Amino acid sequence: MNNNNFERYNPREKEPYWQKIWLQQKTFNCDLDDTRENYYVLEMFPYPSGRIHMGHVRNYALGDVVARYQRAKGKNVLHPMGWDAFGLPAENAAIKHKVHPKEWTYKNIDNMRKQLKSMGLSIDWSREFATCDENYYHMQQILFLDMLEEGLVYRRKSKVNWDPIDQTVLANEQVIDGKAWRSGAIVEQRNLNQWAFKIKDYAQDLLEALDNLTDWPEKVRTMQRNWIGKSEGLRILFEIEPNEKTTNKAIEVFTTRADTIYGASFIALSPDHPLCESLMKNNKALSAFVADCKKQGTSTQDIEKAEKRGFDLSIHVKHPLLKDKTLPIYVANFVLMDYGTGAIFGCPAHDQRDLEFANKYKLPVIPVILPPDENEDNFSIADKAYTGIGTLFNSSELNSLSINDAKEQVANELEARAIGGKAQATRETNYKLRDWGISRQRYWGCPIPIIHCDQCGIVPIPKEQLPVILPQDVSFERPGNPLDHHKSWKHVKCPDCDNDALRETDTMDTFVDSSWYFARFISPDASTPTNIEKTDRWLPVDQYIGGIEHAILHLLYSRFFTRAMKKTGHVNLEEPFKGMFNQGMVTHETYRSETKNWLSPEQVEIKTIDGKRVATEIKTGAPAIIGSIEKISKSKNNGVDPDEILKSSGADAARWFMLSDSPPERDVEWSDAGIDGANRFLQRVWKLTFESVELKEQPLDKLEQENEQVIELKKLIHRITNQAGIDIEALQFNRAVAQIYELTNALSKFLPLAEHNPHGSYISTLRLGVEHLILLISPFMPHLAETCWQHLGKSGLISDALWPKVDKSLLIEDNITMPIQVNGKRRAQIIVPKDTQKEKIEQLALHQSAISNILAGKAPKKIIVVPNRIVNIVI
RNA sequence: GCAGGCGUGGUGGAAUGGUAGACACACAGGACUUAAAAUCCUGAGAGGGUAACCCUCGUGCGAGUUCGACUCUCGCCGCCUGCACCA
């Protein structure tokens, strides 16, 4: 063949070329009123940190396959992009580099937009916005005021991490081992008046609706269910023994294990419990204990990991069912005020935390649940609580009841009694979910549109006076919230009475920004937050894609916010995301120098010597240590800059590698070898396309017959086209890629055949195969696909071409290979026509020599024939 | 601490109750080449039998359910993610 004209595919030339054409032709701009079926695909928008990282490449490559595939299926696809642009890092940059957060953020956006565009994503850039755009946060302020009016927002006291040296509030991230990250001060808890959303009102709805989100990963739904944490329990009043310390008559506890009431050996209160707070006034030791408890951050893992500690109040309560028994009251650092009543009864035998506490303070451990296989006389608890099923014992009238029956009986018994005119127990449903505190004492966020007036109280700023714009002239010289120090911005006139008043200086949690952006993309320029006619057609998002780390908070908040927007008349639906997909992380090998410093992949050269991979530090020539594979992070210095790869190997190769090996939901390890492999494949496809075009058809000598090889190839082309489509729809891109490799291999093998038979069906089938191949790769490697498409002489862009049709009649296999097992082990196989009868298969199987040898004349006990699948002979 | 997930060749993975290792990466041998790169072909889970071929073992560990288990159930080990003010 004359290959003189052949030139290797050059992504550096072709990629910018096609990107320019797509932009010029507005290929990916979405006309919302187009009558074709619509499809909304969205990837979680990035935080503009300055540079894209491998996680972004993976996320947006995944989403782009979905977007391009759905376009090829004839849908009108909406695929927008924006920036989650408010947040802490901009303020940190302001402090560190003396650059204004706004300037820093928009500069980062410009850079990252350029980087993302070089990926060749099929994005409608005309809809782009950043959450820090005045227009966006203006709309968010409207939403806030509407929610306030509907009673979905309220003020409450809530805890923050307080840095006593810098006199500032810290994010959990800024607390390291209980100390402030900059000042090093021991962090304290502080209560501040803050704004909160009533997400708890929707707990039951958010829980129930998970059942209908069938296109979400099961694990995400499970995580959300557990996070909402519904539990049915009992609120029980424990009568306080008369004493001089308090006049309180009773303590109310919430329990889900009322059945273990006879095993109760203490009561524990949260340090924030009202009784504890009232007793602190006359009890210095208690005050000191509580102060000590508050010397820790607010994060749950810190609180729960902390050593269990308690303070004996020397007050007792009466056991509700045992006449002469009393229980001591402790204040304990592991009891949370946010959940239940802020007080518990401890049953050490059947709760691990209670047991640790009891063992520490020498409190009785009374087992009351007997495991099924145990004996009452020798069952005891040492340092592991028993939380399994069983029957009651040591429990008087409850003995031998099941856990559930015992719960029921305790509830009935105590409901009927009264303490101080109140029923001693009431059944109650509780949720772990807490209301969403949104106040942040920071500059770079959406201002809360409220004015505090001494006379009028809390005054919402009239909508016509919105937006409340962040002032530009702020200083980060002194610690704390610059808005709070900004006199002319903070001191204002009350909109109602015109007296001196104070502007709310807190801004909103950035989770608010990301809780409704998907709705704004539909009408990014509307003068109301949403255009309800359009959201009716375009919401919910058909496929949402993002990291698993957002499985709970962001998704739950968005689900709540959509309900809130429905209540305030901004949308007509509850669930924002019909389909959800969570991809895994990008990891890379780690490297260390001999002096144990982390080395970046660019600083290391890897060679294979005697089959072993050996690393050397390029700068010094010294050997380096190849470490474990870890999530790409700054601390391990194992990041690879996607920008370098996009520039050197091109977007197609980067995208192909990202999608080819690992299943999208699992972690993927970035490796140079992987990108080389992707490059090779790219060249192979290009070469195959080139050569198939070069084949010149020759006249036929004789009547051409469809050769078996041609029929086989045709079947393969259609089988793979069909399967790849199924795999892409299921977001199993690695499987689609394996199918595509198989097709490429088959076509490469077929090419010489077509060269020797350059006529009729050989050439047409080869070309059919190449055309399908190019269409199949087009969602993955769009630039290469456009180039090949053009080379094949096709008109128009492949980005506008339709997905190849599958000839279903070619998918049917006439013969089936059936393995024959003996006792579950494969011993032979037979090839039979499809749908052969069981009896016939049995006979054929038994007559296989390998089988009859094993049977040695004996009759099998049982023969299992699964039609068209497998035979198993039991002997 | 609580909650969720994952674990299969040298590596990424395929098989979701029915032939474990598809497809790829890396590796080895060969062809082409003055040579290298590129490309193409071949090989390969481990161990054993001279052998077409066959046997044994094998999906983190231990038990169980089943004619049959990578897949389901229980227990353990290891790793990862989230935990409410990082986004």
Side-chain angles (χ1 to χ4, degrees), chain A residues 8 44 46-47 49 84 86-89 158-161 169-175 199 217 219-220 222-227 229 297-306 308 334 338 352-353 356 432-442 509-511 514 547-554 556-557 582 584-585 587 608 611-613 628-631 657 660-663 665-669 671 673-674 676-678 680-681 683-684 687 734-735 737-742 745 748 817-821 823-829 850 861-864 866 869-874:
Chain A
R8 282 171 66 81
M44 290 179 185
Y47 177 79
S49 57
D84 190 11
F86 275 136
L88 211 46
S158 47
K159 278 188 206 163
V160 293
N161 302 307
V169 176
L170 299 173
N172 282 341
E173 192 190 50
Q174 299 170 315
V175 180
I199 188 172
K219 67 170 167 179
V220 173
T222 307
M223 282 154 94
Q224 293 217 352
R225 276 187 198 105
N226 291 336
W227 186 261
T298 58
S299 86
T300 316
Q301 67 257 49
D302 287 345
I303 293 167
E304 294 197 1
K305 266 191 198 162
K308 318 265 168 292
F334 63 91
D338 294 321
Q352 190 60 33
R353 282 191 309 189
E356 282 168 33
K432 285 211 181 82
L433 182 69
R434 311 203 288 255
D435 276 337
W436 175 11
I438 60 152
S439 290
R440 298 291 179 270
Q441 296 69 41
R442 295 191 222 296
D509 179 7
T510 56
F511 270 121
S514 55
I548 186 68
E549 66 274 20
H550 297 289
I552 297 175
L553 288 180
H554 163 58
L556 198 60
Y557 288 152
N582 298 100
M585 294 174 308
T587 61
T608 306
K612 273 190 183 166
R613 295 177 68 245
S628 57
I629 295 156
E630 310 254 5
K631 176 183 176 177
F657 172 64
S660 59
D661 272 6
S662 290
E665 71 276 10
R666 272 204 234 172
D667 292 352
V668 63
E669 191 203 343
S671 68
D676 290 347
R680 268 204 294 279
F681 178 67
Q683 295 297 347
R684 237 183 110 193
K687 198 171 167 209
N734 58 316
R735 303 210 318 190
V737 165
Q739 298 287 327
I740 292 171
Y741 274 120
E742 214 176 317
N745 290 342
S748 296
T817 305
M818 287 183 81
I820 300 159
Q821 299 181 325
N823 288 344
K825 284 195 174 170
R826 183 188 158 280
R827 298 293 168 176
Q829 62 179 33
K861 275 188 198 155
K862 199 172 173 186
I863 303 177
I864 293 125
V866 185
R869 265 256 154 93
I870 202 164
V871 182
N872 193 9
I873 298 165
V874 187

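Computed from a predicted structure; not experimentally measured. Residue numbers begin at 1 in each chain, while the letters A, B, ... track the order of the sequences.
- Base-pair partner of C86(B): not found among the strands shown (Watson-Crick or G-U wobble, both distances under 3.5 Å).
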Check: protein-nucleotides 71-77 of chain B nitrogen or oxygen pairs below 3.5 Å:
none

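- RNA chain B is contacted by both F681(A) and G87(A); F681(A) maps to the nucleotide lying nearer its 5′ end (nearest heavy atom per residue).
- Residues N745(A) and R684(A) are in side-chain contact: their nearest non-hydrogen atoms beyond the backbone lie under 4.5 Å apart.
- Regarding contacts with the backbone of A24(B), every side-chain N or O of S660(A) stays at 4.0 angstrom or more from both OP1 and OP2.
- A donor-acceptor pair is defined here as one N or O able to donate and one able to accept, closer than 3.5 Å; no such pair exists between the side chain of N872(A) and the backbone of I864(A).
- For A14(B), one of the phosphate oxygens OP1 or OP2 lies less than 4.0 angstrom from a side-chain nitrogen or oxygen of N734(A).
- In this structure, C23(B) and G12(B) make a Watson-Crick or G-U wobble pair, each of the two defining distances being under 3.5 angstrom.
- If you check every strand for non-hydrogen atoms under 4.0 Å, H554(A) touches nothing.
- Taking CG from L88(A) and CD from E173(A), the interatomic distance works out to 6.5 Å, rounded to the nearest 0.5 Å.
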Short N/O separations, protein against nucleotides 62-66 of chain B, under 3.5 angstrom:
none

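- L556(A) CG to L433(A) CG: the interatomic distance, rounded to the nearest 0.5 Å, is 6.0 Å.
- With a cut-off of 3.5 Å on both Watson-Crick or G-U wobble distances, the partner of G17(B) is given as none.
- Nearest nucleotide to the side chain of Q821(A), out of C86(B), U19(B), C85(B): U19(B).
- Under 4.0 angstrom from either OP1 or OP2 of C80(B) there lies no side-chain N or O belonging to R666(A).
- At the phosphate of A84(B), neither OP1 nor OP2 sits under 4.0 Å from any side-chain N or O atom of R434(A).
- Nearest heavy-atom pair, P819(A) versus I870(A), reported as atom, atom and distance to 0.1 Å: O-CG1, 3.5 Å.
- The side-chain heavy atoms of R827(A) and I873(A), taken from C-beta on, include no pair separated by under 4.5 Å.
- To the nearest 0.5 Å, atom CD of residue E742(A) and atom CD1 of residue I740(A) are 11.5 Å apart.
- Residues H554(A) and F511(A) form a side-chain contact, since some pair of their non-hydrogen atoms from C-beta on lies under 4.5 Å apart.
- Side-chain proximity of A738(A) to the nucleotides A84(B), C86(B), C23(B) is greatest for C23(B).
- How far CG of N172(A) is from OG1 of T300(A): 8.0 Å, rounded to the nearest 0.5 Å.
- When the P atom is used for both C76(B) and G9(B), the distance is 24 Å, rounded to whole Å.
- Two residues are said to be in side-chain contact when any heavy atoms from C-beta on lie closer than 4.5 Å; V874(A) and N823(A) meet this criterion.
- Side chain of Q829(A), nearest nucleotide from U19(B), C86(B), G1(B): U19(B).
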Distances under 3.5 Å between nitrogen or oxygen atoms of protein and nucleotides 52-57 of chain B:
residue	atom	partner	partner atom	Å
C55(B)	OP1	R827(A)	NH1	3.3
U56(B)	OP2	R827(A)	NH1	3.4
C57(B)	OP2	K825(A)	NZ	3.0

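- Base orientation at G60(B) is anti, since its O4'-C1' glycosidic dihedral falls outside 90° of 0.
- For R684(A) and C40(B), the shortest distance from a side-chain N or O to OP1 or OP2 is below 4.0 Å.
- You'll find that the side chain of P663(A) is closest to G13(B), out of G13(B), U39(B), A87(B).
- Which of G18(B), G5(B), A87(B) sits closest to the side chain of I870(A) comes down to G18(B).
- Among the atoms of the strands shown, base atoms are found under 4.0 Å from some heavy atom of T817(A).
- Dashed line: the shortest gap from a side-chain N or O of Q301(A) to OP1 or OP2 of A84(B) is under 4.0 Å.
- With distances taken from any side-chain atom of S662(A) to the nucleotides A87(B), G13(B), G4(B), the minimum falls on G13(B).
- In this structure, A28(B) and U42(B) make a Watson-Crick or G-U wobble pair, each of the two defining distances being under 3.5 angstrom.
- Checking the phosphate oxygens (OP1, OP2) of G82(B), no side-chain nitrogen or oxygen of N226(A) falls inside 4.0 Å.
- For K862(A), the listed nucleotide lying nearest its side chain is C67(B); candidates were A84(B), C67(B), A87(B).
- Taking a pair to require two hydrogen-bonding distances under 3.5 Å in either a Watson-Crick or a G-U wobble arrangement, G75(B) pairs with C61(B).
- Annotation: side chain of R225(A) is in contact with side chain of T222(A) (closest heavy-atom distance under 4.5 Å).
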Inset, instruction - List the steps, then state whether side chain to side chain contact (heavy atoms under 4.5 Å, CB included) holds for I548(A) with K219(A). - result: CA-CA 10 Å; I548(A) 186 68; K219(A) 67 170 167 179; 3.7 Å; yes

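- One can find a donor-acceptor pair under 3.5 Å joining the base of C85(B) and the side-chain atoms of Q441(A).
- Counting any heavy atom pair closer than 4.0 Å across all strands shown, K308(A) reaches no nucleic acid atom.
- When both pairing distances are held under 3.5 Å, U33(B) makes no Watson-Crick or G-U pair with any nucleotide shown.
- Note that the OG1 atom of T510(A) and the CZ atom of R442(A) stand 9.0 Å from one another [nearest 0.5 Å].
- When distances run from any side-chain atom of I864(A) to the nucleotides G18(B), A84(B), A26(B), the shortest one goes to G18(B).
- The same atom, P, is picked in C32(B) and in C70(B); the two are 46 Å apart, to the nearest Å.
- The CG atom of L553(A) sits 9.0 Å away from atom CD of Q224(A), with the distance rounded to the nearest 0.5 Å.
- At least one side-chain nitrogen or oxygen of T510(A) sits closer than 4.0 Å to the OP1 or OP2 atom of A87(B).
- Side chain of L88(A), nearest nucleotide from G4(B), C2(B), C86(B): C86(B).
- Proximity of D509(A) to W436(A): side-chain heavy atoms (C-beta onward) are separated by under 4.5 Å at one or more points.
- At a cut-off of 3.5 angstrom, the base of C85(B) holds no donor-acceptor pair with the side chain of N172(A).
- Checking G1(B), C85(B), C23(B) against the side-chain heavy atoms of E304(A) singles out G1(B) as nearest.
- Rounded to a whole angstrom, the distance from the P atom of G10(B) to that of U59(B) is 13 Å.
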